[in-house]
2 protein chains.
Amino acid sequence: MIKSPARNTIADVARHAGVSKATVSRFLNHRETLLSPEIAIRVETAIAQLGYTPSPMAQSLKRGRSRLIGLVVADITNPYSVAVLRGAEQACREAGYLLMLFNLGNEGERETAGIHALSSYRVEGFILNTMGHDAGALLETARQGKPMVLVDRLHKGLDVDFVSLDNHQAIYLSAQHLFDAGYHELLLVTEPLGEVSSRVERARAFDAFVAGHPPVSGRCTESREQDRDALADALRACRDRARARSAMPAIIANNAVVTLRVVAAVDRLGWELGKDIGLVGIDDTEWAPYVGPGISTVSQPTNELGRKAAQCLMQRVAGSTVAARQILLPGTLMARGSSRPATA
Amino acid sequence: MIKSPARNTIADVARHAGVSKATVSRFLNHRETLLSPEIAIRVETAIAQLGYTPSPMAQSLKRGRSRLIGLVVADITNPYSVAVLRGAEQACREAGYLLMLFNLGNEGERETAGIHALSSYRVEGFILNTMGHDAGALLETARQGKPMVLVDRLHKGLDVDFVSLDNHQAIYLSAQHLFDAGYHELLLVTEPLGEVSSRVERARAFDAFVAGHPPVSGRCTESREQDRDALADALRACRDRARARSAMPAIIANNAVVTLRVVAAVDRLGWELGKDIGLVGIDDTEWAPYVGPGISTVSQPTNELGRKAAQCLMQRVAGSTVAARQILLPGTLMARGSSRPATA
DNA sequence: TTGTATGCGTTATCAC
DNA sequence: GTGATAACGCATACAA
């Protein structure tokens, strides 16, 4: 490998091999087109000697394809986002695509800026896990026919591929499990519903479950990070309602962040999980087995979600024009101490 | 904003404003060069009307600057990497750079592939948090004079900026804290040292501490994910040694992953943290307060690390040529139940 | 089968 | 001040 002050170009290779640039380019892109073996060899060795790599920038300019995928994440701090990101990155890389990352840091207003920034780099498609505060840029992008796939959060009026946990199944799984364990006073704790489709869907599924199981009584409360007292109050109220009808109370936490808040609140109240109150959290985490008696969770196939999302996108990028799909993957129950059979 | 089937170019703007491409380009890049106000206005409105954005690809091709930063991470699953990533992304964005992400997924062999992939996109600099299995590509990149900054892991023979937790300080902080709490039989649990500089440094600091505090006896054990029994054995042995000299045993876990393993092992042994054995983990996590009696940790200023790394890089990219810096940030002790004063 | 010429969207070097 | 025009690195239609 020859020392390269600047990067060498296709022209360098051509000169080195004593052929034209076109020939080198053909060697690279149309291997099927027969080049005379002798020339092929010359080009090949020249490439090897110079350690030549085509400039994706120039290629992109010429072909109009960048081999880049834009990934916009609501919050890179959220383990869920990361897990999905991981799956997506794998699938993209395997397909020869690189990922450009834009993190919203939970500032929904930056959504448009992010999409435009990535867009300007001519990414060939988007994987979006956003807040949905500003569908404007999304619509614009969709209208331009640029492929995109939504993860976890659906935006109304956007007819595109969508990959997500089967929220209905996940909630039913949790609720049924708690029900079977003897918890009949349920409380769903969620982050503010707002426009976030996954949260709304889970709340709806929860209501449906409660409606379909008469012995069960259930409510839903929104929890904000700042307001710890409100959550504690909601927990106390739930337990009081349970006592009044001599039932056992239990919480379903809508995601890992909320689960941790519930754990903290229960801790401050001096209660014991799986004894004073039941708990199932959506999103399995590595620490769940070791908090208190172990926290029961519904595990999302995050890696698979990311992969599926990327695969959908790759198909579209490759030109597929099938109708928008909705891919719903089921969650798995991880039963632990926090939902052990209630002893009234 | 006019509907755009394809993206409009500088030529479109020029036509729309009735000027030449050169003029538009000047308007964009050399605002200081006086254009006649009348023309400036025409260009400005044309740009606005067409919603024109320059193509970074073409700019990159022409100027040789991509406004891209390459980020190579050993393992995106590691919360530490993510936290750093977050800080770095912020700083880069603020400076008008976008991040290209390459995740090694703990497969060190892919390091070269990653660097080459990003390199081919002409990223202007690298932020690296890698395994160090293959310094070849790094050296090559450094030799080409491309700026880079190492995070957490130093590679020998590479004279570049380095940003990291002050490992010596962090270990001394942990050890002194345990010592003060009455734990005199210490065990450092680390992932396999290998060539990973941060692990080796911590082990050295640990040895130094032990050597400097005669009442203290200390060992170090490497823990692998597959081999749970080995870790349990090491813990048992540590406790036995402690008993033999009627001292109290305690663990220092080298990072969050290991902390969790230790927690699991202690759990299986039926021991109680802060009672049968002490524990301080490096890396603070959101779950640390809620596992067992609360896990004492040393918190890393991760966000700050990421920002500092990105800032160093921005300076270099901007042409600064100061000598390679070593930026060491101190950790903060978060004392919790797992290191409560020992009651022999 | 191989070489020549052109253009992708920009910026920079000239002239005017 | 402003406008042609070449060049960045590459792929391709066309000519040979």
Side-chain angles (χ1 to χ4, degrees), chain A residues 4-44 46-47 50-68 96 116 119-124, chain B residues 4-44 46-47 50-68 96 116 119-124:
Chain A
S4 50
R7 198 116 189 149
N8 16 26
T9 78
I10 201 172
D12 299 320
V13 177
R15 202 175 318 115
H16 214 76
V19 299
S20 78
K21 296 192 294 177
T23 302
V24 178
S25 178
R26 271 190 288 258
F27 176 83
L28 258 18
N29 303 305
H30 309 282
R31 313 284 291 227
E32 68 285 9
T33 310
L34 265 4
L35 313 221
S36 65
E38 185 235 352
I39 290 225
I41 298 271
R42 289 212 327 251
V43 173
E44 187 161 23
I47 289 181
L50 296 176
Y52 166 75
T53 330
S55 154
M57 293 287 185
Q59 288 182 321
S60 154
L61 195 59
K62 188 67 199 156
R63 323 202 242 224
R65 310 189 46 198
S66 61
R67 301 208 74 80
L68 247 30
H116 280 146
S119 207
S120 78
Y121 274 92
R122 306 295 188 273
V123 296
E124 295 184 36
Chain B
S4 51
R7 199 122 187 144
N8 19 24
T9 79
I10 202 172
D12 298 321
V13 177
R15 203 175 318 117
H16 213 77
V19 299
S20 77
K21 296 191 296 175
T23 302
V24 179
S25 178
R26 269 190 290 258
F27 176 83
L28 258 17
N29 303 305
H30 309 282
R31 313 283 293 225
E32 68 284 9
T33 310
L34 267 2
L35 312 222
S36 64
E38 185 235 351
I39 289 223
I41 299 272
R42 287 208 334 247
V43 172
E44 188 160 21
I47 289 181
L50 296 175
Y52 166 75
T53 329
S55 152
M57 293 286 186
Q59 288 182 322
S60 155
L61 191 60
K62 190 63 196 161
R63 324 202 242 224
R65 309 189 48 199
S66 61
R67 301 207 74 81
L68 248 28
H116 279 146
S119 206
S120 78
Y121 274 92
R122 306 295 189 272
V123 295
E124 296 183 37

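Chain naming here is simple, since letters A, B, ... match the order of the sequence lines and numbering starts at 1 in each. Every heavy atom of this structure was used, including side-chain atoms; hydrogens, water molecules and symmetry mates were not. Here the structure is a predicted model, which is why all the values come from computation and not from measurement.
The phosphate of C/dG9 (OP1 or OP2) has no side-chain N or O of B/Ser55 nearer than 4.0 angstrom. Distances shown here put a side-chain N or O of A/Thr23 below 4.0 Å from the OP1 or OP2 atom of C/dG3.
Rounded to an integer number of Å, the gap from A/Leu61 CG to D/dA7 P is 17 Å. When the C1' atom of D/dG9 is taken as reference, atom CZ of A/Arg15 falls 13 Å away, rounded to whole Å. Rounded to a whole Å, the CZ atom of B/Arg122 is 13 Å from the P atom of D/dC8. As a whole-Å value, the separation of B/Arg67 CZ from C/dT10 P is 16 Å. Taking atom CG on A/Leu50 and atom P on D/dG9, their separation rounds to 14 Å, with Å as the unit. B/Ile39 has its CD1 atom 10 Å from the C1' atom of D/dG3, to the nearest Å. If you measure from atom OH of A/Tyr121 to atom C1' of C/dT10, you get 14 Å, rounded to the nearest angstrom. One interatomic measurement links the two molecules: CZ of B/Phe27 to P of C/dT10, which rounds to 15 Å at whole-angstrom precision.
Remark: side-chain polar atoms of B/Asp12 are paired, donor with acceptor, to backbone N or O of B/Thr9 under 3.5 angstrom.
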Practice prompt. Applying side chain to side chain contact (heavy atoms under 4.5 Å, CB included), run through A/Phe27 and A/Ile47 and close with a yes or a no.
Written response: CA-CA 10 Å; A/Phe27 176 83; A/Ile47 289 181; 3.9 Å; yes
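Tested against B/Met57 for a side chain to side chain contact (heavy atoms under 4.5 Å, CB included), the candidates A/Pro56, A/Ser120, A/Ser60 yield a single pass: A/Ser60.
Every residue two or more places apart in sequence or in another chain that forms a salt bridge (Lys or Arg N to Asp or Glu O under 4.0 Å) with B/Arg65 is listed here: B/Glu124. Partners of A/Thr23 under the side chain to side chain donor-acceptor pair (under 3.5 Å) rule, at least two apart in sequence or in another chain, are A/Ser20.
With rounding to the nearest 0.5 Å, the separation of CG in B/Asn8 from NE2 in B/His16 is 9.0 Å. Between the OH atom in B/Tyr121 and the CZ atom in A/Arg67 there is a gap of 7.5 Å [rounded to 0.5 Å].
Here A/Ser120 lies out of heavy-atom contact (under 4.0 Å) with every strand.
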Interface polar pairs with nucleotides 11-14 of chain C, N/O, under 3.5 angstrom:
| from | atom 1 | to | atom 2 | distance (Å) |
| --- | --- | --- | --- | --- |
| C/dT11 | OP1 | B/Asn29 | OD1 | 3.3 |
| C/dT11 | OP1 | B/Asn29 | ND2 | 3.1 |
| C/dT11 | OP1 | B/Gln59 | NE2 | 2.9 |
| C/dT11 | OP2 | B/Ser25 | OG | 2.9 |
| C/dT11 | OP2 | B/Asn29 | ND2 | 3.3 |
| C/dA12 | OP2 | B/His30 | NE2 | 3.2 |

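With the nearest nucleotide of DNA chain D identified for both B/Leu35 and A/Pro56, B/Leu35 has the one nearer the 5' end.
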